[in-house]
Every structure is written in structure tokens, then in C-alpha cells.
Amino acid sequence: MNISQEVSSAPHSQSMPNPLLDALNPEQRQAVEATQGPVLVLAGAGTGKTRVLTTRIAHILTSKLAWPGEILAVTFTNKAAREMAERVNQLSGGAQSLWMGTFHSIGARIIRRHAEKLGLTSSFTILDADDQIRLLKTLMGELHIDDKSMPPKLFSAIIQSWKDQGLTPVKVTSPQDLQQAGGQAIRVYRAYQERLKALNAVDFGDLILHMLTLFTVHQEVLEEYAKRFKYILVDEYQDTNVAQYLWLRLLASYHKNLCCVGDDDQSIYSWRGAEVGNILRFERDFPDAKVIRLECNYRSTPHILAAAGALIANNRGRLGKTLWTPIKEGDRLRLKSVWDEGEEARFVGEEVEDLQRAKINLKDMAILVRAGFQTRAFEERFLTMGIPYRVIGGLRFYERAEIRDAVAYLRIIASPDDSLAFERIINTPKRGIGQATMQQLHTTARSLNTSLYNATVHLLKSGEIKGKLASALNLFIGNCQRWRKQLESLTLSEVVDLVLEESGYRQMWQQEKTPEAAGRLENLKELSRAIGEFENINAFLEHVSLVTEAADANGNTDMISLMTLHAAKGLEFDVIFLPGWEEGLFPHQRALDESGNKGLEEERRLAYVGITRARRRLYISHAANRRIYNQWQSSIPSRFISEIPKDNIEQLPGGLAGTPRPSARNWKDEVAAILSGSHKREEPTLSRGTRIFHQKFGYGRIAAVSGDHLDIEFEKAGFKKVLADFVTLA
DNA sequence: GTCCTAAATTTTTTT
DNA sequence: AATTTAGGAC
């Protein structure tokens, strides 16, 4: 069916006023009405992509092209999914029965339905990063791999990237891959996947990978879903990885009504396996695909848009878009040069107060940083000034130790065979179960091919565990059984309170007299409150593993937001502050070191995302000195600043006007040294960027300084850590 | 097995 | 600086 047929069969869409479609510009409307066949919408920042997606869904529903249950809408964050559901509901209602969510939550849903086909049961658990590392560590021990030279994190990263590419262990065949980590990676991967199955667990990557396996091995399952989903919509398409792409292609193979919305200039997740190439591939894999460009930006002022456009023009290999805006006027960008991060925070704080006096709400302002640690200076400043703020994505509620412990108790109650949960809390609080006992439990569990819980029961019955140890374990097992029974008669909140009390967990923190113990007890209280909102324990556990953001507990919504640039994608604010535009931090040194020009271009896209978040006003600042690992380092302004045309930017007075003083390094340390009377003339020349010579490694440049330790990028030998004593100036 | 101290490590971005 | 890990004493 093409558009003209559809229009004639649905006369409302053109001849009569249609409030749904009339609010759109011609390109947006085209994207909404092209319901049949593959469509790629290249939507620049602020061009109304969410609006297109939601209107498209509403349009499909109101034209009765499909029932809600026949539409699949995939997003990248739960937040985006929630927002979309809300807006679809406003437009047409019935959004609750849509298949709408992140790739991962939809994966969990589908895999639970067909768990037995994958060798799992429907109550499988989803591992988080912590569980994953612990499991890998155990496996590495069993495989006799030294975790000093090859940390578990390395294997975690390699396995993750294989999963992102849709590679199960048998599909890892390329010579480079087989040689990863000296050939150990594939061994670990095989063992890891086997153990996951034995534990009835999956990790994040598996949520996609298992779906692929399910669809390719079980044709009838694929058929069921491919036929069901008449319309598939994908948000942030530029950030899909190969596995997700393959999955989408399978799902769309029957109806072929796949609509992907993305912006190659906003691809910022290549480190997570995202392939910008998926956009280019789209036109190749779907030769009849309609490509629609949205280039009219309704969000930002001309100066902001011009700055963003000029910056991103430095990237090669773009599909190319030119954004324009009907907005006529607006301020130029404001550039502030400051001495250090403290001054940067003071400056932002003062501007925020000025803006408040100008009647701009805090909730319309945001500070976007490159790396999480940068928020600290602002938090401290805002606390002293009394400016309410919220850190988005910072320390996550469900990642705190006390919450993870409490959740582990719930996991053991919900499914006793969850050995990872068992291991986490069997000795928390202390019950006298140490390494030796754990070893015994593990051995028994494996020889009986069962879980740690069952192994414990077995050893208690057979009398192989006696005395103090036996009574402690007996008490624990008995408690678990009782708690499980109480799930039937008590509410979830009551069970949580009971478990925390009777296990002695709460008491453990009460006895601890550190200042943070009180906060932890608060968090536990919050947990028992939050769990009350769930139907059953499994629904709650799913929420814990897939939903990363904590709900806004208090009613105060007028707060300034602090977050990383990555977390800001898809959001917009009247006023944006972009601090820390310094070489080494932004673009981040590690991105440059590890991915060279590709890394630089991704950093530039990140800058582009940051700039285009702003509706009306944008501040960029850079500090001449920054403390990293508690070491003062001097830095020069980011190259990205010079890529913004002078006409669009205004240098604010004060600070250093962009010329850092070379001698700035360690000035605070020196002052401290003078005051303490132990000042020695320091070697002033060993700072970042200095060219040096080393007896063994040859010539190189200093990448970072931490005390006597230097990180040096050698011309021949690559990156090495060496002591300052061993290098001389080149 | 547990507790204490020393040493290593951290901070790029996350579903 | 702050937090996690390793090693050793008890």
C-alpha cells in the first residue's frame, strides 16, 4: 500500500481538518503518513522526532490500521518509553497495551515467555555489572587465569562487545577474536555462558542475544512475533548495535513496516557497540525505503544552532543535514574562562541566581558534564548557596550496597536457587560462614548439579555440617522458608520489613556508628515503601534490574539538573551550562588515545548533543586548572571552543581570557608546601604534554601526572606508567 | 574466620 | 581524597 491509496481509503487525513496531522509541518506529516513499508527518518536535533513517533502511533491507531497490541515501539531509555506512552495516550488513548519499552525490557518480556526454549525457566534473574564481575572472577579462578594481568573487567568488556555483535560463543571465529586476551577470552566466554544457564541467569547483552537465538533457532516463534507486529518503530536508531539491528530485521521481515528515527550526528554510544553504519545500511538492506529528513529546528535560537552546525561540520562521513530555525532572535553563546573548578562552580552558581531573578525556573536549567566526577564541585557549591539540584544518573538507588543486599534477600525468597543472591547475603550480616564453608557448598552444589541453597539443605540433612555452623545455616534456611510462606499472607512491604528485621540486617547497620549508616537505614525504609507499588515480588525484581533511574521521591520539582552529556540525550532545557571544555577532559584523553580520530569525532558529536540541548541560552566554560585524582593539573581550552564561529560567541569578562599560564601546575600544592615550611623547588617541566626521553622506551609525551608516577605515551612503546626519576627532558 | 592496616585504584560515557 | 582490595595477625 502506498500513501495515495491510504489517503483515499482514509478521507479524514486530507480532505477534512485532522487535528492530529494538521499540527505538523510537511516533512513531519510525511513521516507520520508513510505507514507502509520501511521508512528512515533522519531527524536533526530539536526537529520534533518524538512528536513524529507519537503522532505516527496515534495515526495508526485512529486509522484502525492496527490494534495497540500489534505495534512495537522501541526506545533506548525507560524515560523515553514512559514519555512516549504518555504522549500517545494524550493523542489517542490505549497506549497501555502497546509493546513499548527499551530493547532490554522487551527482550526480558519475550525471553520470559519462551524461557524453556533457551534452557532457562521463566523466573530467570538478570545479572547486573557487579554480579557479572564476581561471576567472571570465580570462573577465572576455576580456569586458572591470573586476575592480576587480566582483570575480570577486561573479559567483561570483550564478552559484552561480542554480544553486541550478536556473537554466541560458537560464532566467535575470526582469528583476532580467538586471540583476544591471549586466547583466554573465548574460553572464559564459553564457561561464562554455561554457568549463566546453570544459574538460570542472563546478563544485559543476553537479553538481545537470546532473542536472536530464539528467533533463528525457532522459526515458529519468530513467525508469531513477525506476524503480530504490523508496525515497528525505533527511536534513537543511530545507537543500535549489530545484535539489535539483526533482531529488528528479523522482526520486520513479514510486514516490513519498520520506521527508524535517528540522527547520525548524535551517535554517542559506539563504545557500547552502537554502529552508525546501521543508518547507512538501512538504505542498502531496504532498497525501497523512504528516507525523510527533518531539518526544521523548533528548539533553539539561531546562534545556538549556528554554533552547533559549525562545530559538527568538522566531522567527516556524515549524512549531512542543515538545520534551520524559524526563531528570529536570541543571545550569543557565553564563554567564560576561569582559574579552577571552584571558580567555575561559583560562576555558574551566580548566573543561576541571576537567571532566577529573571524569573527563569531552576527546572529549566541544566549543567551537562563530560564525566560524572565533575558534578561534585557544583553540588558542593549549590549546597552552600542553597540552590536545589538533582543529579540524574549519578549514584543509582538500586546500585547501593544496602539495597542490593536487601534485594538479594528477596531474590532468595522468590527463587531459592538464585545462587548469586545466596552467595551475596549468606554471610551478611556475619554468620560465621567463610571461604572454607563456601568452598564446601560450591563443591557439593556442583557435584549434585544443584544450587547453593539445595546443597546447604543437603549438607545439613546428611550431617556433614555440624555445630555452630549448622545452627547458623539451619536458622537461615528456616527463615527463608518462613518468609516465603509469609509472601502469601502479608504485603510486600511487610515482608521486606520482616526480612530486614529478622535476618539481623537492619541491626547490622544500626550497630555501625559511621555517619552514612543512618542514610543506609533511610534507604532501606525507602525500599520497603517503594516495593509497595508492585503487584508481586517478580515484578519488583524486574523493575530493579531494568529500571536504572530512581523515581522523584519528593514533590519539589523546581531543581536544576546535573547530568552527563550522555544522560542528556533527548532532553532539552531553556538554559544549558557546559563546563569543563578543556583538552584532555573534553575531548576526553582516553577517547583520543583509544580511538584516535574516530574517538575525536564521537567527542565532537557529544559536544553537538550538548549544545543542541539548549533552547535559549548556552554557557560554555573552561578552567585553567583542574584537580584530577587530587592532583592539580593545568589544561588548555578545548579545541571545540575554537571550532565555534566568533560571531556566535561572546567572551565574558574575568578569568584568564583563554590563555592559561604554563606555571599553573600544582600551584595549590606549592602554596601548601610553602605554608608548611617544607617547600622544595619542584621540577617545573614535567607536566602534561611535555616531551621526554626514557632509557628503555625512547621518546614520548606525558599524558598524565600523578605524583611521581607519569603516564607516558611513547612513540614506539605505546602507553606506559613510569616514575619521574627515570625520564629526562627531550 | 574475622578484623585491622597497607596498598592499590579510581573517573568517560550505560541499557 | 575516598573507597575498595589484599595480606597478615590474631
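Numbers restart at 1 for each chain; the letters A, B, ... are given by sequence-line order, proteins then strands.
- Of the candidate nucleotides dT12(B), dT13(B), dT15(B), dT12(B) has the atom lying nearest to any side-chain atom of His588(A).
- For Leu368(A) and dT13(B), the CG to P distance is 14 Å, given to the nearest whole Å.
- Gln193(A) and Asp206(A) are linked by a side-chain donor-acceptor pair at a separation below 3.5 angstrom, with hydrogens and angles left out of the test.
- Applying the 5.5 angstrom centroid cut-off and the 30 degree plane-angle cut-off, the aromatic ring of Phe103(A) is not stacked upon the base of dT15(B).
- The separation between Leu592(A) atom CG and dT13(B) atom C1' is 14 Å, rounded to whole Å.
- By the 30° and 60° cut-offs, the orientation of the rings of Phe382(A) relative to Phe378(A) is tilted.
- For the pair Arg627(A) CZ and dA2(C) C1', the computed distance is 12 Å after rounding to whole Å.
- When the P atom of dT15(B) is taken as reference, atom CD1 of Ile106(A) falls 16 Å away, rounded to whole Å.
- The nearest whole Å value for the distance from the CD atom in Gln631(A) to the C1' atom in dT10(B) is 14 Å.
- The 5' end of DNA chain B is approached more closely, in terms of each residue's nearest nucleotide, by Glu594(A) than by the other of Glu594(A) and Thr102(A).
- Here the C1' atom of nucleotide dT15(B) and the CG atom of Asn241(A) are 10 Å apart, to the nearest Å.
- The separation between Leu565(A) atom CG and dT13(B) atom P is 11 Å, rounded to whole Å.
- Using a cut-off of 4.0 Å between Lys/Arg side-chain N and Asp/Glu carboxylate O, Glu341(A) and Arg376(A) are scored as not salt-bridged.
- Checking dT13(B), dT15(B), dT11(B) against the side-chain heavy atoms of Trp271(A) singles out dT13(B) as nearest.
- Checking Ser156(A) against Gln132(A) by side-chain atom types alone, a donor-acceptor pair falls below 3.5 Å.
- Ring-centre distance between Phe586(A) and His622(A): not below the 6.0 Å cut-off.
- Ionic pairing of Arg134(A) and Glu423(A) is not present here: no N-O contact between side-chain nitrogen and carboxylate oxygen is shorter than 4.0 angstrom.
- Taking atom CD1 of residue Ile628(A) and atom P of nucleotide dT11(B), one finds them 13 Å apart after rounding to whole Å.
- Side-chain N/O atoms of Asn278(A) and Thr240(A) include a donor and acceptor closer than 3.5 Å.
- The existence of a salt bridge linking Lys163(A) and Asp203(A) is confirmed by a sub-4.0 Å separation between a basic side-chain nitrogen and an acidic carboxylate oxygen.
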Can you pull every protein N or O that's under 3.5 Å from an N or O on nucleotides 3-10 of chain C?
none

For nucleotides 1-3 of chain B, list the nitrogen or oxygen atoms of the protein found under 3.5 Å from its nitrogen or oxygen atoms, one pair per line.
from   : atom 1 : to        : atom 2 : distance (Å)
dG1(B) : OP1    : Gly434(A) : N      : 3.3
dG1(B) : OP1    : Thr437(A) : N      : 2.9
dG1(B) : OP1    : Thr437(A) : OG1    : 2.5
dG1(B) : OP2    : Ala436(A) : N      : 3.4
dT2(B) : OP1    : Gly432(A) : N      : 3.1
dT2(B) : OP2    : Asn427(A) : ND2    : 3.4

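- For Lys153(A) and Arg272(A), each mapped to the nucleotide of DNA chain B holding its nearest heavy atom, the one lying further toward the 5' end belongs to Lys153(A).
- One finds no side-chain N or O of Ser105(A) lying less than 4.0 angstrom from the OP1 or OP2 phosphate oxygen of dT15(B).
- With respect to the salt-bridge test (charged N to carboxylate O, under 4.0 angstrom), the residues Asp263(A) and Arg605(A) do not qualify.
- You'll find that the side chain of Ala371(A) is closest to dT13(B), out of dT14(B), dT15(B), dT13(B).
- Between the side chains of Ser270(A) and Glu602(A), at least one donor N or O sits under 3.5 Å from an acceptor N or O.
- Phe76(A) comes within contact range of the sugar-phosphate backbone alone, with a heavy-atom separation under 4.0 Å but no base atom that close.
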